[in-house]
Amino acid sequence: MSGAVWGPATGVGSLPGGDAREAARTVTGSFGDFPHLPELPGRGPGADMVGRTAGLLVELYARVEPSGWRIGDRPGRDTRRARSWLGEDLDALEEFAQGYEGPLKVQAVGPWTLAAALELRNGEAALADPGACRDLAGSLAEGLRGHLAEVRRRVPGARPVLQLDEPSLTAVLGGGVRTASGYRTHRAVDRQLAESTLREVVAAAGVPVAVHSCAPRVPFALLRRAGVAGISFDFALLTERDDESVGEAVEGGTKLLAGVVSATDGPLSDPASSVMGVRTLWRRLGLNPGTLAESVVITPSCGLAGASPGYARAALAHCVRAARSLVDNPE
């Protein structure tokens, strides 16, 4: 699904505050070419990324325990709350995206971060049980198909893009996810199994998929083999050891969603300075500067939900200006 036409800039997902209409107005106003469905985790459990995705699962339900989200037998208050908030967000998006035609991004937690975050009845992460991981991935794939169909129904001109949030993927692959006791870590998941599970979820979505990770050492090559169209990451966490896999991704037609604008309140640099690192990377990799605009989508870095509403609005507008600077002056 590479080669899709996406806009020059978009958001990662979460924003501060709790007003769905205000968030939808901000996002559709800022990103005229590539809006996204906002997430407002500040509203509490069920609006957080894990709870929101748990509400999408088919024939699997989760409830909030003091330790986090736990898989249960039937839908309860927490599932209803998660679904109600998502419905509110979709209502607001439908209102402000009327007549919109073009790429529209929605976000959900990917299968491996979900397996690391959701607890089984015994309090251990689903990651500990290969059968539970399989069931979770299948339920997620089905739930995402329904969610994407609903987005198309509400915004008929939209071409949905699915972002799978996988901040725990690096830890899952490296055996870094702690057990419930905190004294041990779960065994590393076999890379081929991780890849094939992701590939199944990506294929089931039936739309271009980007995987987002705000962790260091993003597994670019594994994600590309799993069939993703884009990889979203915090640009500041890239190191020169990522150069080869980033270069191969670009040459293979994978979009890079580069988080270059700070997600925490502070002065914003001029737009050209924000994307200077991206230009430097292109030079270092010996890539043609003319490909920058088609290969890179500018985003904020992770964590905008913790910013002030005023700064969040400024950061989104800054992403658009930074992306424009990349188009106008690729050198």
Side-chain angles (χ1 to χ4, degrees), residues 12-15 18 20 37-90 106-147 162-173 176-187 189 194 197-198 201 211-215 302-303 305-306:
V12 172
S14 63
L15 290 172
L37 178 64
E39 299 171 1
L40 302 172
R43 293 179 295 197
D48 61 299
M49 73 177 197
V50 172
R52 187 179 177 89
T53 301
L56 290 173
L57 297 175
V58 173
E59 292 178 7
L60 278 178
Y61 310 101
R63 63 177 188 273
V64 180
E65 296 286 341
S67 52
W69 284 90
R70 183 170 296 182
I71 295 170
D73 298 321
R74 60 179 86 76
R77 185 185 56 194
D78 298 323
T79 299
R80 286 194 295 274
R81 190 194 294 127
R83 289 176 178 172
S84 166
W85 270 327
L86 181 58
E88 220 177 271
D89 296 338
L90 287 166
V106 298
Q107 304 82 220
V109 176
W112 292 110
T113 296
L114 205 56
L118 283 183
E119 299 173 359
L120 300 171
R121 288 173 184 77
N122 63 5
E124 208 49 86
L127 191 63
D129 179 339
C133 289
R134 252 194 325 277
D135 292 347
L136 205 49
S139 172
L140 175 65
E142 204 172 326
L144 289 171
R145 274 198 297 268
H147 181 44
L162 172 64
Q163 174 181 303
L164 291 175
D165 291 319
E166 282 284 16
S168 300
L169 180 59
T170 302
V172 165
L173 295 170
V177 177
R178 294 211 164 272
T179 56
S181 69
Y183 294 122
R184 295 184 303 109
T185 54
H186 291 284
R187 182 180 299 148
V189 168
T197 302
L198 275 164
V201 175
V211 166
H212 169 73
S213 172
C214 47
C302 224

If we only count heavy atoms from C-beta on, is the Leu57 to Leu140 side-chain gap below 4.5 Å? yes
Any side-chain to backbone donor/acceptor pair from Glu39 onto Asp48? Under 3.5 Å, distance only. no
Answer whether the closest heavy-atom distance between the side chains of Leu164 and Leu144 falls below 4.5 Å. yes
To the nearest 0.5 Å, what is the distance between CZ on Arg81 and CZ on Arg63? 14.0 Å
Looking only at heavy atoms, the pair that brings Met49 and Pro167 closest together is CE-CG, 3.6 Å
Between the main-chain N or O of Val12 and the side-chain N or O of Gln163, is there a donor-acceptor pair closer than 3.5 Å? yes
Determine whether a donor-acceptor pair (N or O, by modelled atom type, separation under 3.5 Å) exists between the side chain of Arg83 and the backbone of Gly55. yes
Side chain to side chain contact (heavy atoms under 4.5 Å, CB included) evaluation trace for Val189 with Thr197: CA-CA 11 Å; Val189 168; Thr197 302; over 6 Å; no
Find out whether Arg43 and Asp89 are in side-chain contact, i.e. whether some heavy atom of one side chain is under 4.5 Å from a heavy atom of the other. yes
Please check if the side chain of Glu124 supplies one atom and the backbone of Thr179 the other of a donor-acceptor pair under 3.5 Å. no
Around atom CZ of Arg134, are there more than 12 heavy atoms of other residues, nucleotides or ligands at under 6.0 Å? no
Atom CG in Leu118, atom CZ in Arg70: separation rounded to 0.5 Å? 11.0 Å
Write down the atom of Leu198, the atom of Glu166, and the distance for their closest heavy-atom approach. CD2-OE2, 3.7 Å
Considering only heavy atoms from C-beta outward, does the side chain of His212 approach that of Cys302 to under 4.5 Å? yes
Determine yes or no for a side-chain-to-main-chain donor-acceptor pair under 3.5 angstrom, with Thr79 supplying the side chain and Ala62 the backbone. yes
Please tell me if the side chains of Ile71 and Tyr61 come closer than 4.5 Å, counting only heavy atoms from C-beta onward. no
So Pro111 and Val201, do their side chains get closer than 4.5 Å, heavy atoms only? yes
Taking all heavy atoms of Pro75 and all of Arg80, pick out the closest pair and write down the distance. O-NH1, 4.0 Å
Looking at every non-hydrogen atom in both residues, tell me the closest pair between Ala125 and Ala115 and how far apart they are. CB-O, 3.7 Å
Using a strict cut-off of less than 4.0 Å between a Lys/Arg side-chain nitrogen and an Asp/Glu carboxylate oxygen, indicate whether Asp73 and Arg121 qualify as a salt bridge. yes
As an exercise, state the distance from NE2 of His147 to CG of Leu162, rounded to the nearest 0.5 Å. 8.0 Å
Checking the side chain of Trp112 only, and the main-chain atoms of Ala194 only, is there a donor and an acceptor separated by less than 3.5 Å? yes
State, with a plain yes or no, whether a side-chain heavy atom of Trp85 is found less than 4.5 Å away from one of Leu40. no
On a heavy-atom basis, which atom in Arg52 and which in Pro38 lie closest, and how many Å separate them? NH2-O, 3.2 Å
Is the backbone N or O of Val109 less than 3.5 Å from a side-chain atom of Thr53, with the two atoms forming a donor-acceptor pair by type? yes
Report yes if the side chains of Leu60 and Leu136 come closer than 4.5 Å at any heavy-atom pair, otherwise no. yes
Test side chain to side chain contact (heavy atoms under 4.5 Å, CB included) applied to Val58 and Arg145, step by step: CA-CA 10 Å; Val58 173; Arg145 274 198 297 268; over 6 Å; no
Is there a donor-acceptor pair under 3.5 Å between the side chain of Thr113 and the backbone N or O of Ser168? yes
